[in-house]
Amino acid sequence: MANEPARMEITEEVEPALSSDAADILAGLKLQQKHISPKYFYDERGSELFDQITALPEYYLTRTELGIMQVHLPEMARLIGPRVSVIEFGSGSSVKIRLLLKHLLRPAAYVPVDISGDYLQSMAAQLAADFPNIEILPIYTDFTQPFDLPNPRVTPRRNLVYFPGSTIGNFTTPEAQSLLRVMRQEAQEGGALLIGVDLKKDPRIIEAAYNDAAGITAEFNLNLLSRLNRELGANFDLASFEHRAVYDDINGRIEMQLVSRKAQRVNVAGTLIPFAKDEYIITEYSHKYSLDEFKAMAEGAGFQREQVWLDSQALFSVQYFSVPKRS
């Protein structure tokens, strides 16, 4: 059995269609402060653009997290232990998960969970070819809500929820607390969480990461409007909006915006949405945490922090939490 190639099986979840979320999107656009969830960034093009962002010189997050992992992966693997089922929330670039899977001892399965079905299927197929002895079980769903885990052929000793990239920062504090509770549920008793968390630092470093000179982040942000045009029949004129990202020191977060260059009305799913000149849609928050702030939030969701790894400049952290077993 140990030498038998593992399978890749797609869990029977329906890939979320943007049309099914029209009410949610319209509700956000009708708010006094217009808002669209960042989960809608990630159609196939959005996922490709985000991969490009991670390689930009201003975007310190990815290379810093990778550097931490490359130095500390042996210690991480010892803490995680053998025969785990790795459940990755929001699977993006496969670089980090490849590093992790290479260092783990006999992982039972890899379960990537993502809302972008086409991108997930392509990434999972590549990993299945490169890791033939690990069962790959993709799930297409919104990971902010509880979901059913597949049953690997090899029974795992524990579940490890993996959430790299500081994506937890994209959620407001109440949303992040809710998501951590979902992670706690999927990890189950005796499970664990390995998570990337961006740290508070000089705001100039943070703002530069979201306003790159090449304009890739701007294209990524505007691609959201292209998706609304394509999938909801909206008529956004992309030239009439511009990307902006500013750091809110009071709330400790970057605020990414799409700013209307003029007064206009846009048809979205049959509803006219008015914009004043300079009015904007908030498309993403990126919260930055102190170590104590994040520890308190994760412990409130039922986790117990075991270890923290930092880069030499303390820009970023990788944190490991366990789920205590009931006595």
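Values below: every heavy atom of this structure, side chains too, minus hydrogens, waters and symmetry copies. Nothing here was measured: the structure is a model prediction, and the numbers come from that model.
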Under 3.5 Å donor-acceptor, N223 side chain and S226 backbone: no
Atom of Y59, atom of I53 and distance for their closest heavy-atom approach: CB-O, 3.4 Å
Atom pair CZ (F131) and NZ (K102), whose distance is rounded to the nearest 0.5 Å: 5.5 Å
Residue pair E186 / N159, side-chain heavy-atom distance below 4.5 Å: no
side-chain contact (heavy atoms from CB on, under 4.5 Å) between E48 and D51, worked out: CA-CA 5 Å; E48 291 170 353; D51 279 353; 5.8 Å; no
D202 bridged to R204 by N-O distance under 4.0 Å: yes
Other residues, nucleotides, ligands: >12 heavy atoms within 6.0 Å of R157 CZ: no
SB check K39 D21 (cutoff 4.0 Å): no
Heavy-atom donor-acceptor pair, R261 side chain to A239 backbone, under 3.5 Å: yes
Residue pair E189 / P324: nearest heavy atoms and the distance that separates them: CG-O, 4.3 Å
Under 3.5 Å: donor-acceptor pair, side chain of Q185, backbone of P146: no
Smallest separation among heavy atoms of F171 and Y289, with atom names: O-OH, 4.5 Å
hydrophobic_cluster_shared for L232 and F241, side chain cutoff 4.5 Å: yes
Donor + acceptor pair across side chains of E219, Q52 (<3.5 Å): no
Short side-chain to backbone donor-acceptor contact, S260 and K262, under 3.5 Å: yes
pair M76-L73: side-chain heavy atoms closer than 4.5 Å: yes
Minimum side-chain heavy-atom gap S286-M256 below 4.5 Å: no
Under 3.5 Å donor-acceptor, S317 side chain and Q319 backbone: no
Step-by-step ring-ring contact (aromatic ring centres under 6.0 Å, His included) determination, F89 to F147: CA-CA 11 Å; F89 279 45; F147 54 89; 5.6 Å; yes
Distance in Å, D311 CG paired with M69 CE, rounded so as to fall on 0.5 Å steps: 14.0 Å
Y320 side chain near L160 side chain, heavy-atom distance below 4.5 Å: yes
Trace of the salt bridge (charged side-chain N to carboxylate O under 4.0 Å, His left out) decision for E75 with R78: CA-CA 5 Å; E75 183 183 0; R78 285 194 299 273; 5.3 Å; no
ILVMFWY network linking L149 to L137, side-chain heavy atoms under 4.5 angstrom: yes
Audit row: L238, N229, side-chain contact (heavy atoms from CB on, under 4.5 Å) steps and yes/no: CA-CA 10 Å; L238 271 62; N229 286 350; 3.9 Å; yes
Connected via hydrophobic side-chain network under 4.5 Å: V259 and L29: no
Value rounded to 0.5 Å, distance of CD in E306 from CG in L194: 12.5 Å
Separation between CD1 of I134 and CZ of R106, rounded to the nearest 0.5 Å: 12.0 Å
Donor-acceptor contact below 3.5 Å, side chain R227 vs main chain Y40: yes
Under 3.5 Å: donor-acceptor pair, side chain of D212, backbone of E58: no
L26 and I273, any side-chain heavy atoms less than 4.5 Å apart: yes
I206 side chain near Y60 side chain, heavy-atom distance below 4.5 Å: yes
Side-chain (R83) to main-chain (T155) donor-acceptor, under 3.5 angstrom: yes
Worked check of side-chain contact (heavy atoms from CB on, under 4.5 Å) between F143 and V182: CA-CA 8 Å; F143 60 73; V182 173; over 6 Å; no
Residue pair V197 / V308, side-chain heavy-atom distance below 4.5 Å: no
Gap separating the OH atom of Y285 from the CG atom of N251, nearest 0.5 angstrom: 8.0 Å
Residues T144 and D142: side-chain donor-acceptor under 3.5 angstrom: yes
Ring geometry between F275 and F236 (parallel below 30°, tilted from 30 to 60°, perpendicular above 60°): perpendicular
Transitive ILVMFWY side-chain link L99 to M123, under 4.5 Å: yes
Intermediate values then yes/no, ring-ring contact (aromatic ring centres under 6.0 Å, His included), F41 and F220: CA-CA 8 Å; F41 278 136; F220 172 73; 4.4 Å; yes
Side-chain (Y162) to main-chain (I97) donor-acceptor, under 3.5 angstrom: no
Working for side-chain contact (heavy atoms from CB on, under 4.5 Å), residues D114 and E88: CA-CA 8 Å; D114 204 283; E88 184 176 10; over 6 Å; no
Shortest non-hydrogen contact from A108 toward V154: CB-O, 3.6 Å
Rounded distance [0.5 Å steps], CG in L61 versus CD1 in I205: 11.0 Å
More than 12 heavy atoms of other groups within 6.0 Å of Q177 CD: yes
Fellow cluster residues of V246, listed by chain then number, with links counted only when side-chain atoms sit under 4.5 Å apart: none
hydrophobic_cluster_shared for L79 and L100, side chain cutoff 4.5 Å: yes
Donor + acceptor pair across side chains of T283, N221 (<3.5 Å): yes
salt_bridge(E293, K200) N-O dist < 4.0 Å: yes
A314 to L199 - nearest heavy-atom pair and separation: O-CD1, 3.6 Å
For S85 against V111, the heavy-atom pair lying closest together: OG-CG2, 3.9 Å
Side chains of I139 and I87 in contact at under 4.5 Å (non-hydrogen atoms): no
R158 side-chain N/O to G190 backbone N/O, donor-acceptor pair under 3.5 Å: yes
